[in-house]
Amino acid sequence: MGYVEPAPIKDKENPFESMMSRFRIAAQHLGLNEETYNVLKSPDKQVIVNIPITMDDGSIRVFEAYRVIHNNVLGPSKGGVRFDPHVNLDEVKALAAWMTWKCAVVDIPFGGAKGGICCNPRQMSSGEIERLTRAYTTSLYNVFGPDTDIPAPDMGTSQREMGWMMDQYSRNSGMTVNGVVTGKPGVLGGSAGRVEATGRGVMVSTLSALEKLKINPYNSTVAVQGFGNVGSHAAQLLTERGTKVIAISDITGAYYNKDGIDIENAINYRLDNRGTLDNFEGAEKMDNTDELLTLEVDVLVPAAMEDVITMRNAEKIKARLIVEGANGPTSAKADDIIAEKEIIVVPDILANAGGVTVSYFEWVQNRLGYKWTKERVNRRSDRIMRNAFEYVYKTAIKYNVTLRIAAYIVAIDRVAKASRFRGGF
Ligand code: NAD
């Protein structure tokens, strides 16, 4: 198969290239023909907008923002919106493709997209963030829609921004359209269980993998990098299932307690401390945030950002299992080192798909004009996550590949088949 290699990228750990290198391996295992390969690797649409916003001091600042739709053959595209000072088009492109594979791995009828605004929400007032969110929604009014492209929260955004997006889209449409975004507050049509859904999926994936490794959760230790939406809920739910979380971290540093961290206490501390663990006293602070990644634990959950497990530190990782709460936390170049060390990795597109699964339930409920109970949401999402894990696990055995490549094989196979059935020009 004569795939044309993409042009060399200066940054060795470029997230888009990281994703593409796994995609290429999976495509080769599937024997994907070159035409399909070329269709699937190219994003359908990339939009860049520049948004002028009046700041609280009366000055006007221009923010660069993105929306990339990678693929929508399985259904409307779905993907979060990230507010972060380092966000760029390459990152958003990689994350959009990841969404395509993620939705396909768990077999929900969505394509993949991602958005981002290059801004630092920690240094902006609530009013400034609201104006920026509304302006972004209006700029992309023709892209978003409940039948076309459906945003959700991601790093730096939460229910609050989703409420504003839903309201702005509805104002522009002249009617309430709550199915246009997911991750909304409950009263606006948000689903029960959405807030903790990604962390819950991480917990389900961890337990499924521990079972395969024959490790009793009650005898296992866990380190979680990132204590935001994904990391804090994963830590809490894993603690409830008997594992001992001995280290957590956020932007302010890493916190370690060999006897186990009181996660409830850490969550409450963070709530009272403007969203960070700064000066958290239930654990000792480690000098280096990266130290957490190389701790002697059974399970490592990177749940902060991409490219944290790299050539630089992969050799030093001691965990037996890595469950990727974040998107793209392991660079492609680190994959081989991790595999040689026989560390099992539950890849991002599987491990953190609980969020998009419940987002799908939210969209379904909005379209039905009906609300499910939290029990129903949890039961259905746990089932989807467990089934997806089992299917990927079986695929890994069938092709003799890692769980990551197996997840890509499952996803690419589904999207490729749908693409072929739909046909083209
Ligand atoms: P968040 O903004 O709620 O939390 C991010 C956390 O990471 C914060 O605690 C932050 O302090 C911490 N952090 C940032 N830089 C760090 C560093 N250098 N070292 C240690 N910690 C650091 O974001 P989130 O929604 O929890 O998302 C985290 C990751 O999970 C992202 O990769 C995101 O794409 C992915 N993800 C999120 C969802 C979701 O539903 N929120 C779903 C799937 C994947």
Side-chain angles (χ1 to χ4, degrees), residues 51 53 65 67 75-83 99 103 108-110 113-117 119 121 124-201 228-230 232-233 271 275 352-381:
I51 308 172
I53 295 295
R67 185 73 181 169
S77 52
K78 188 84 194 78
V81 178
R82 176 171 287 201
F83 286 7
M99 286 305 298
C103 293
I108 57 178
F110 278 150
K114 204 79 180 187
I117 306 184
C119 66
M124 293 168 73
S125 71
S126 160
E128 288 167 343
I129 297 173
E130 178 173 355
R131 291 196 287 284
L132 184 58
T133 308
R134 288 185 183 279
Y136 177 72
T137 311
T138 297
S139 280
L140 291 162
Y141 180 69
N142 291 327
V143 175
F144 296 145
D147 293 312
T148 51
D149 179 41
I150 308 148
D154 192 68
M155 224 161 129
T157 57
S158 62
Q159 281 194 347
R160 182 182 70 165
E161 287 75 16
M162 297 308 110
W164 290 330
M165 288 186 87
M166 176 269 191
D167 179 71
Q168 192 57 41
Y169 186 90
S170 298
R171 282 171 196 263
N172 295 350
S173 305
M175 61 182 166
T176 296
V177 188
N178 57 10
V180 70
V181 301
T182 59
K184 302 177 291 292
V187 73
L188 296 183
S191 178
R194 174 60 185 91
V195 175
E196 61 273 41
T198 307
R200 190 175 176 91
N229 177 291
V230 180
S232 65
H233 287 114
L271 281 177
N352 69 35
V356 77
T357 300
V358 176
S359 272
Y360 165 58
F361 293 163
E362 180 171 331
W363 178 80
V364 168
Q365 291 169 75
N366 293 159
R367 293 171 76 96
L368 290 173
Y370 189 67
K371 263 189 179 303
W372 296 351
T373 62
K374 195 167 184 165
E375 289 67 34
R376 173 176 284 201
V377 169
N378 288 346
R379 198 171 56 242
R380 290 186 173 193
S381 67

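Residues take their numbers from the sequence shown, with the count starting at 1.
The structure places OH of Tyr360 at 11.0 Å from CD1 of Ile150, a figure rounded to the nearest 0.5 Å. Note that CZ of Phe361 and CG of Asn378 are 9.5 Å apart. Values are rounded to the nearest 0.5 Å. Remark: Phe144 CZ to Gln168 CD distance equals 11.5 Å, nearest 0.5 Å. In this structure, Trp363 CH2 and Asn178 CG are separated by 12.5 Å, a value rounded to the nearest 0.5 Å. The distance from atom CD1 of Ile53 to atom CG of Leu132, rounded to the nearest 0.5 Å, is 5.0 Å. With values rounded to the nearest 0.5 angstrom, Thr138 atom OG1 is found 4.0 Å from Asn172 atom CG.
Listed by first and then second residue, the salt bridge (Lys or Arg N to Asp or Glu O under 4.0 Å) pairs involving residues 168-189 are Asp167-Arg171, Lys184-Glu362 (not counting sequence neighbours). Sorted by first and then second residue, the pairs that involve residues 140-162 and meet salt bridge (Lys or Arg N to Asp or Glu O under 4.0 Å), not counting sequence neighbours, are Arg67-Asp149, Arg82-Asp154, Lys114-Asp154, Asp147-Arg367. Judged as a salt bridge (Lys or Arg N to Asp or Glu O under 4.0 Å), not a single pair has a partner in residues 136-145 (not counting sequence neighbours). Under the salt bridge (Lys or Arg N to Asp or Glu O under 4.0 Å) criterion, the residue pairs touching residues 369-378 are Glu196-Lys374, with sequence neighbours excluded. Pairs passing the ring pair (Phe, Tyr, Trp, His ring centres under 6.0 Å) check and including a residue from residues 147-185, sequence neighbours excluded, read Tyr141-Tyr169.
Taking both residues in full, the closest heavy atoms of Ile51 and Ala65 are given as CD1-CB, 3.9 Å, listed atom of the first, atom of the second, then distance. Scanning all heavy atoms of the two residues, the minimum distance from Pro76 to Pro109 falls at CD-O, 3.8 Å. Nearest heavy atom pair, residue Gly228 against residue Ser232, reads O-OG, 2.6 Å. Closest non-hydrogen pair, Val377 versus Ala192, comes out as CG1-O, 3.4 Å. Contact detail for Ala197 and Gly354: the closest heavy-atom pair is CB-O, 3.5 Å. Heavy atoms only, all atoms of each residue included: Pro146 and Val177 are closest at CG-CG1, 3.6 Å.
Residues passing the ring pair (Phe, Tyr, Trp, His ring centres under 6.0 Å) test with Phe83: none are found, sequence neighbours excluded. Residues that satisfy the side-chain contact (heavy atoms from CB on, under 4.5 Å) test with Ala152, not counting sequence neighbours, are Lys78, Thr182, Ser359. Residues satisfying the salt bridge (charged side-chain N to carboxylate O under 4.0 Å, His left out) test with Glu128, not counting sequence neighbours, are none. Scored by the side-chain hydrogen bond (donor to acceptor under 3.5 Å, both in side chains) test, Thr176 finds no partners at all (sequence neighbours excluded). Residues satisfying the side-chain contact (heavy atoms from CB on, under 4.5 Å) test with Val195, not counting sequence neighbours, are Gln159, Asn229, His233. Ser191 is linked by a side-chain hydrogen bond (donor to acceptor under 3.5 Å, both in side chains) to Gln365, counting only residues two or more places apart in sequence or in another chain. Residues satisfying the side-chain contact (heavy atoms from CB on, under 4.5 Å) test with Thr148, not counting sequence neighbours, are none.
Residues Met175 and Ser170 are not in side-chain contact: their nearest non-hydrogen atoms beyond the backbone lie 4.5 Å or more apart.
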Next item on the list: Test side-chain contact (heavy atoms from CB on, under 4.5 Å) on Arg380 and Trp372 and set out the steps.
Entry: CA-CA 11 Å; Arg380 290 186 173 193; Trp372 296 351; 3.3 Å; yes
